Colleague: 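Below is one structure. I have some questions about it.
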Amino acid sequence: MIYLDPTEYAKIVSEINTNYFKYRGKLTCQHISHGTDGKLYVYTFENSGFNDYYIIAKDRVVL
């Protein structure tokens, strides 16, 4: 597990919840989003059901 500050965690979980239809039924998922620093990241998480996620990685996307 990685630590995300509370603001970033809330942002990412809110986005995952909003788009949960993409992740329903999948155990390990990836969500692409801008972090609170404005940079693009891929957040890898374990999905235990709606609003129950375990963020395991945050990797910077360099275009």
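Positions are given from 1, in the same order as the sequence printed here. Bear in mind the structure is a predicted one, so any value in this text is a computation, not a measurement.
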Colleague: Who are the ring pair (Phe, Tyr, Trp, His ring centres under 6.0 Å) partners of F45, not counting sequence neighbours?
Modeller: Y23, Y53
Colleague: Listed by chain and number, what are the side-chain contact (heavy atoms from CB on, under 4.5 Å) partners of V42, not counting sequence neighbours?
Modeller: Q30, I32, T44, V61
Colleague: Sequence neighbours excluded, which residues qualify as side chain to side chain donor-acceptor pair (under 3.5 Å) partners of T28?
Modeller: none
Colleague: Taking all non-hydrogen atoms of both residues, which atom of I12 and which atom of H31 are closest, and how far apart?
Modeller: CG2-CD2, 4.3 Å
Colleague: Would R60 and K39 count as a side chain to side chain contact (heavy atoms under 4.5 Å, CB included) if you check the C-alpha gap in whole Å, the side-chain angles of each, and the deciding distance to 0.1 Å?
Modeller: CA-CA 7 Å; R60 177 98 191 278; K39 296 175 183 169; 3.4 Å; yes
Colleague: Hey, could you give me the OG/OH distance between S33 and Y43, rounded to the nearest 0.5 Å?
Modeller: 5.5 Å
Colleague: Quick one: list whatever passes side-chain contact (heavy atoms from CB on, under 4.5 Å) with I2, sequence neighbours left out.
Modeller: L4, I55, K58
Colleague: According to the salt bridge (charged side-chain N to carboxylate O under 4.0 Å, His left out) rule, which pairs have a member within residues 14-26, sequence neighbours left out?
Modeller: K11-E15
Colleague: For E46, what residues pass the salt bridge (Lys or Arg N to Asp or Glu O under 4.0 Å) criterion, not counting sequence neighbours?
Modeller: none
Colleague: Provide the closest heavy-atom pair for C29 versus N47 in the form atom of the first, atom of the second, distance.
Modeller: SG-CB, 4.0 Å
Colleague: Determine yes or no for a side-chain-to-main-chain donor-acceptor pair under 3.5 angstrom, with S14 supplying the side chain and A10 the backbone.
Modeller: no
Colleague: Only counting residues at least two apart or in another chain, list the ones meeting side chain to side chain donor-acceptor pair (under 3.5 Å) with N51.
Modeller: N17
Colleague: The criterion is side chain to side chain donor-acceptor pair (under 3.5 Å); which residues satisfy it with D52, sequence neighbours excluded?
Modeller: none
Colleague: Which Ile, Leu, Val, Met, Phe, Trp or Tyr residues join Y3 in one cluster when any pair of side-chain heavy atoms under 4.5 Å counts as a link?
Modeller: none
Colleague: Less than 4.5 Å apart, any side-chain heavy atom of Y54 and any of S48?
Modeller: no
Colleague: Listed by chain and number, what are the ring pair (Phe, Tyr, Trp, His ring centres under 6.0 Å) partners of F50, not counting sequence neighbours?
Modeller: Y20
